[in-house]
Number of protein chains: 2
Amino acid sequence: MTETRQAEDTRTRILETALDLFHRGSFKGTSINQVVEQAGITKGALFHYFKGKNELGYAVVDECIRSHINETWVEPLATSVDPIADIKAILDHFDEMIAERPEILQLGCPLNNLAQEMSAQDDAFRERLLGLYRIWETALEKAFRAGIEAGSVRSDADPADAAATIVALLEGCIGMIKVNQSREHMSRIDRGLRLFLDFLRP
Amino acid sequence: MTETRQAEDTRTRILETALDLFHRGSFKGTSINQVVEQAGITKGALFHYFKGKNELGYAVVDECIRSHINETWVEPLATSVDPIADIKAILDHFDEMIAERPEILQLGCPLNNLAQEMSAQDDAFRERLLGLYRIWETALEKAFRAGIEAGSVRSDADPADAAATIVALLEGCIGMIKVNQSREHMSRIDRGLRLFLDFLRP
DNA sequence: GACAACATACCAACCGGTCGGTTTCTTCCG
DNA sequence: CGGAAGAAACCGACCGGTTGGTATGTTGTC
């Protein structure tokens, strides 16, 4: 009846449910019971796979969010020679996603949410989240470096500075949209973001 | 023996303690008992002044944080004709503050912390926090408008767009510093921020 | 029969909030 | 001026519910 490889299935279902609840609410704000209920399992199953709530959180960061960063930022920019155009394409993709599911407008970025909530409280969390930001920034930095070499980015721009600023601006924008919850304010900030990117043109 | 005006004293002590704990931890993460203990009062006193935990949070936003925004952003920019220079001066002031009390490096901005934590969970919170952001952005917008008129800001810049982008970038930067907790990364982001301001020069 | 994969019952600690009561201050009458 | 009356300020024991976590039991598969 049930599959033999149910084991991994249960684990990933717990992880995905936890990510969803952490995203919708927060880490501290969601209880283990909520995860158990929404995942359709029992507490015994959860504690069989994870030592405790924190370990579950770490796994969500290390597995779910990390792969998400890789898919949306690292891979698309890996071979970029025109990062400004490619970053704008990623922004376009976000716009499409929001047009389809407007609810995510108020949920923010899972990485940023967790980082803002936990990095001052738990150093193990902070280090893991910082690791993801480094991966993200490094992908941008490499792309800017390639862009400078290819002539699509102004040569006096510092790739590392630009990468860090883009990440900060992007996370700030997503955060502001979360508070404003208005499409107008989103497009206002979208314009500012693209304006900044254009400043990096030669 | 005790002063006649002890009443207001207790209320403000509760508010300041709550702000401190909400800043250090989070809203949901700090218990009423913690506030009571750190303020050196009792639960009865707290519930005498505030209907509940949420009402306490609202009061912290409406009174403590609002006045802080006014002092650091609205008043200094009220009569500005060179907003770019004046904003940089405010940033310098932040740098000095961080040099004195480096601990605040990892605590972030109280407004942004609360906004990110609560705006998706409680609409009353969101509206109040949004109100503060509007005050902040309006102050910047007016200053940019005055700067354009005075010739200290490029005339093709949209004051409202610039204001919204500055706020987003600033909150994003503070958020990133919270995760990184390194002075180097702070100066890297500081450079990006000032670079963006210079883009707004004529 | 050993072991992973769960399920269930249960726990102490803590949560936000209530409530009856006491103290302290203000007011106003004589 | 004294002193009763009442309101505001404050206390702390207590409540039902929830929290993260555990201990023990059951089940299916090599």
Side-chain angles (χ1 to χ4, degrees), chain A residues 1-22 24-61 63 114 117-118 121-125 128, chain B residues 1-22 24-61 63 114 117-118 121-125 128:
Chain A
M1 184 169 298
T2 56
E3 300 299 312
T4 55
R5 283 261 50 86
Q6 179 130 16
E8 270 309 299
D9 218 60
T10 302
R11 211 188 97 98
T12 57
R13 191 158 75 250
I14 294 172
L15 281 174
E16 277 164 17
T17 308
L19 173 63
D20 181 60
L21 285 169
F22 294 164
R24 251 167 239 290
S26 61
F27 179 74
K28 280 186 181 168
T30 70
S31 71
I32 287 184
N33 286 330
Q34 278 179 271
V35 178
V36 162
E37 193 181 348
Q38 184 167 321
I41 50 145
T42 59
K43 223 175 227 188
L46 195 150
F47 276 91
H48 174 72
Y49 288 105
F50 306 97
K51 284 180 191 168
K53 197 189 179 187
N54 278 6
E55 300 287 332
L56 172 60
Y58 301 157
V60 166
V61 175
E63 300 176 39
L114 262 178
E117 181 186 1
M118 296 308 296
Q121 315 299 323
D122 183 313
D123 222 54
F125 252 118
R128 279 155 212 267
Chain B
M1 186 171 295
T2 55
E3 299 301 311
T4 55
R5 286 258 50 86
Q6 177 130 14
E8 272 309 300
D9 219 58
T10 303
R11 212 188 96 100
T12 57
R13 193 158 74 251
I14 294 172
L15 280 175
E16 278 163 17
T17 308
L19 173 63
D20 181 60
L21 285 168
F22 295 165
R24 253 167 236 291
S26 60
F27 179 74
K28 280 187 182 170
T30 70
S31 71
I32 287 184
N33 286 329
Q34 277 177 271
V35 178
V36 162
E37 193 181 348
Q38 184 168 321
I41 52 145
T42 60
K43 222 175 228 189
L46 195 150
F47 277 90
H48 173 72
Y49 288 105
F50 306 97
K51 283 181 192 168
K53 197 190 180 188
N54 278 7
E55 300 287 331
L56 172 60
Y58 302 157
V60 166
V61 174
E63 300 177 38
L114 262 178
E117 181 187 1
M118 297 307 296
Q121 316 298 322
D122 185 311
D123 222 55
F125 252 118
R128 280 155 211 268

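Within every chain, numbering begins at 1; the chains are lettered A, B, ... in the order of the sequence lines, protein sequences first and strands thereafter.
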**OP:** Validate the cation-pi geometry between B:K28 and A:F27: distance from NZ or CZ to the six-membered ring centre under 6.0 Å, angle to the ring axis within 45°.
**Re:**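 The answer is no; the distance or angle limit is not met.
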Starting from [atom2] on [N], measure out to [atom1] on [X] and report it in whole angstrom.
X	N	atom1	atom2	result
A:K53	D:dT22	NZ	P	15 Å
A:R11	C:dC6	CZ	C1'	16 Å
A:K51	D:dG20	NZ	P	19 Å
A:L46	D:dT22	CG	P	12 Å
B:F50	C:dT18	CZ	P	15 Å

Original post:
For B:G52, which contact category applies under a 4.0 Å heavy-atom criterion: base, sugar-phosphate, or nothing?
Top reply: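 Touches sugar-phosphate only.
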Please confirm whether the backbone N or O of [Y] pairs with a side-chain atom of [X], one donor and one acceptor, at under 3.5 Å?
X	Y	result
B:Q121	B:M118	no
A:Q34	A:S31	yes
B:S26	B:F22	no

**OP:** Taking only heavy atoms on the protein side, list every residue of residues 25-43 of chain A lying under 4.0 Å from any atom of DNA chain D, sorted numerically.
**Re:**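 Only A:T30, A:S31, A:I32, A:N33, A:K43 qualify.
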Original post:
Counting only side-chain N and O atoms of A:T10, is one of them less than 4.0 Å from OP1 or OP2 of C:dC6?
Top reply: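 Looking at the OP1 and OP2 atoms of C:dC6, one of them is under 4.0 Å from a side-chain N or O of A:T10.
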Subject >> Any B:Y49 side-chain nitrogen or oxygen under 4.0 Å from OP1 or OP2 of D:dA8 >> reply: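 No, B:Y49 has no side-chain N/O under 4.0 Å of OP1/OP2 on D:dA8.
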**OP:** Please examine the side chains of B:R11 and B:F50, heavy atoms only from C-beta on, and report whether any two atoms are closer than 4.5 Å.
**Re:**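 In contact.
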Subject >> Nearest listed nucleotide, side chain of B:H48, among D:dC10, C:dT18, C:dA5 >> reply: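 Per side-chain heavy atoms of B:H48, the pick is D:dC10.
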**OP:** Nearest-nucleotide wise, let me know which of B:G44 and A:F47 is further upstream toward the 5' end of DNA chain D.
**Re:**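 It is B:G44 whose nearest nucleotide is closer to the 5' end.
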**OP:** Measure the spacing between CZ of B:F125 and CG of B:D123 and express it to the nearest 0.5 Å.
**Re:**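 Atom-to-atom, B:F125:CZ and B:D123:CG are 12.0 Å apart.
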